[in-house]
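Report on the following structure.
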Amino acid sequence: MTDQTNQTDRTETGARPVRVRIAPSPTGDPHVGTAYIALFNYAFARHNGGKFLLRIEDTDRERSTKESERAIFEALRWVGLSWDEGPDIGGPFGPYRQSERSDIYRKHADELVAKKAAYHCFCTAQRLTELREKQKAAKSDFGYDGFCRHLPEAEVQAKLKAGAPNVIRLAVPEGETSFNDLVRGEVTFQNSTVDDQVLLKSDGFPTYHLANVVDDHLMQITHVIRAEEWISSTPKHVLLYRAFGWEAPQFVHMPLLRNQDRSKISKRKNPTSLLWYRDQGYLPEALLNFLALMGWSVQEGQDIFNLESMIRDFTLDRVTTSGPVFDLQKLEWLNGVYIRDMAAPELARRVRESALKDQPVDEAFLLRTLPLVRERMKKLTDYVPMTAYLYSETVNPSAQDLVPKKGTPQSASAALTAAADALQGLADWSSPAIEQCARQLAVTLGMKERDLFMSVRVAVTGGPVSPPLFESLELLGREKSVARIRAAIGKLAAG
RNA sequence: GCCCCUGUCGUCCAGCGGUUAGGACGUAAGAUUCUCAAUCUUAAAACCGGAGUUCGAUUCUCCGCAGGGGCGCCA
């Protein structure tokens, strides 16, 4: 068993120390997909005693923002996946922000041109747009038509000298390119279907393709674990590694998270912002557990496990390749499981920070309320509405709710009056004593317990659905409890 | 249009040539119960289709079909 594991590890990881990375681009809200991919990279790195790094791919000057970058850090920290090297903490292979590495890319792009593996292209954006439209109309293949690829050298030099705006494109050779995806097997592309991709934009910034290959090599990345959407650009990357004379890393393409309709997950059809999940009161450990479930499984089959055990058990051969539908209902269930299993003080802390937004709270009281609601909570934020009646001065039940199904306002009123009187005179204000008193009262009144209790419940909590009644009364205190019952009687009398 | 990936209950996973095709979420019914939850029990629910390989295919191969992704000076 151990031997087999070691063998698998050896073929999966090779000789070099494992180094993996996530490379989010700081545009918009931090995405669940980022956490999803981060999780698998993290688990793989930790399982193999390797490094997990964070690199910010901010080469799109139009869309990248510092704010978004900060949000990525914040979200990743919240979720609990810590990186060993990154823009905020540095590391031996920095800088880890691509906008700070421009000259590196420029140099490498020039090297490619010198090697004839890339070429300058002077086509205008307008010509390219027209080209695409033509191709679309003709239903022909898409992609750059190679117009500038065979410009005479003298002309290229003249244009460069004249300062003509240009980009550098990859000169895709003839033949075919394949790579071995560690979970999908060999994937092959005819080079004729691979575009002469732009590597260096006219603003001097690299595209993803160049930057990611150069950085992965320079940062000694051994395994590229990324989303499925990258499969079709992988041949470009392989071609780049080859052109540079570098060894390519191993590739693993994880499936894409899906909306209910199976399209790639999107914010129009599904919450995708990690901060949304945080603000809704999901626990990071539940989210991680849930994310792990869609793409990986434990040998023994259990579906509740923590990060630590995932790291221990994680191997690539149990990674799935089919696109999982993001099922919020299952996440909710899992979240509830974690809430129920959490130690009380810890849960109190989370509730305070999340649901209570760090408002000043009576810690002791919070701790006392938790047992009444924790097994009913699916999200941390559920705490607030579920316990509102315990914090408010009064409640506002409807007259209709106060009357049991087969009762009348008069009978309900009589029952509540008796209850108020009994509770008022109760010697011991504790939940067992209150319960005993209430049950006795039902007998005395000749009522069904559930009917009596329901009237009291509505009177005291404000509605027909609530945490356990007697514990609620105890927490609320005699004064408030009785006052609420009397107020309800008044309400019934009023009509 | 071209290329690539994927295809087991509604959903997420298990299965890795021979199984009564298993678990979880959800759903339904019941038990418990002061309501709602939680908990427990039970039930319904799936191998995309067709060829081939084989004594035997959910499992291997091929062809269809379906879903998804890609085809940007975005990542």
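Predicted model, so just to flag it, every value in this text is computed and none were measured. All values below were derived from every heavy atom in this structure, side-chain atoms included, with hydrogens, water molecules and symmetry-related copies excluded. Numbers restart at 1 for each chain; the letters A, B, ... are given by sequence-line order, proteins then strands.
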Look at A:R439 and B:rC34 and indicate whether a side-chain polar atom (N or O) is within less than 4.0 Å of OP1 or OP2. yes

Grab the CH2-C1' distance between A:W296 and B:rC12 for me, whole Å please. 14 Å

A:L293 CG to B:rA14 C1', straight-line distance once rounded to whole Å: 12 Å

Classify the nucleic acid contact of A:R127 as base, sugar-phosphate or nothing, counting any heavy atom under 4.0 Å across all strands shown. nothing

CD/A:Q400: more than 12 non-hydrogen atoms of other groups inside 6.0 Å: no

On a whole-Å scale, what distance lies between the P atoms belonging to B:rA45 and B:rU11? 16 Å

Spell out yes or no: do the side chain of A:R184 and the base of B:rC5 have one donor N/O and one acceptor N/O closer than 3.5 Å? no

Per A:R132 side chain, nearest of listed nucleotides B:rG72, B:rC13, B:rA75: B:rG72

Rounded distance in Å - CG (A:L469) to P (B:rU33): 17 Å

Using the P atom as the reference point in each nucleotide, state the distance between B:rG18 and B:rU58 in Å, no decimals. 11 Å

So, is A:R340 close to the B:rU39 phosphate, meaning a side-chain N or O under 4.0 Å from OP1 or OP2? yes

Euclidean distance, atom CZ of residue A:F470 to atom C1' of B:rU33 [Å, nearest integer]: 12 Å

Expressed in angstrom and rounded to an integer, what is the separation of A:L372 atom CG from B:rU35 atom P? 16 Å

Assign A:R450 to base, sugar-phosphate, or nothing according to its heavy-atom contacts below 4.0 angstrom with the strands shown. sugar-phosphate

Provide, to the nearest angstrom, the distance between the OH atom belonging to A:Y144 and the C1' atom belonging to B:rC71. 16 Å

Salt bridge or not for A:K491 and A:D401, using N-O below 4.0 Å? no

Could you check whether A:T59 gets within reach of a base, just the sugar-phosphate, or nothing at all, counting any heavy atom under 4.0 Å? sugar-phosphate

Give me the ring orientation class for A:H237 and A:Y208: parallel if the planes are under 30° apart, tilted from 30 to 60°, perpendicular past 60°. tilted

Side-chain N or O of A:S297 versus OP1/OP2 of B:rA14: is the shortest distance under 4.0 Å? yes

Presence of donor-acceptor pair under 3.5 Å, side chain of A:S466 and base of B:rC36: no

Taking the inter-plane angle between the rings of A:H253 and A:F179 on a 0 to 90° scale, is it parallel (under 30°), tilted (30 to 60°) or perpendicular (over 60°)? perpendicular

So, OP1 or OP2 of B:rA75: does either fall under 4.0 Å of a side-chain N or O from A:K201? yes

Does OP1 or OP2 of B:rC71 have a side-chain N or O of A:K236 closer than 4.0 Å? no

Just to confirm, is there a sub-4.0 Å distance from OP1 or OP2 of B:rU11 to any side-chain nitrogen or oxygen of A:R262? yes

Between A:E471 (CD) and B:rU35 (P), how many Å, whole number? 13 Å

Check the phosphate of B:rA38 against A:R374, side-chain N and O only, distance under 4.0 Å to OP1 or OP2. Yes or no? no

What's the NZ-P distance between A:K330 and B:rC9, to the nearest Å? 14 Å

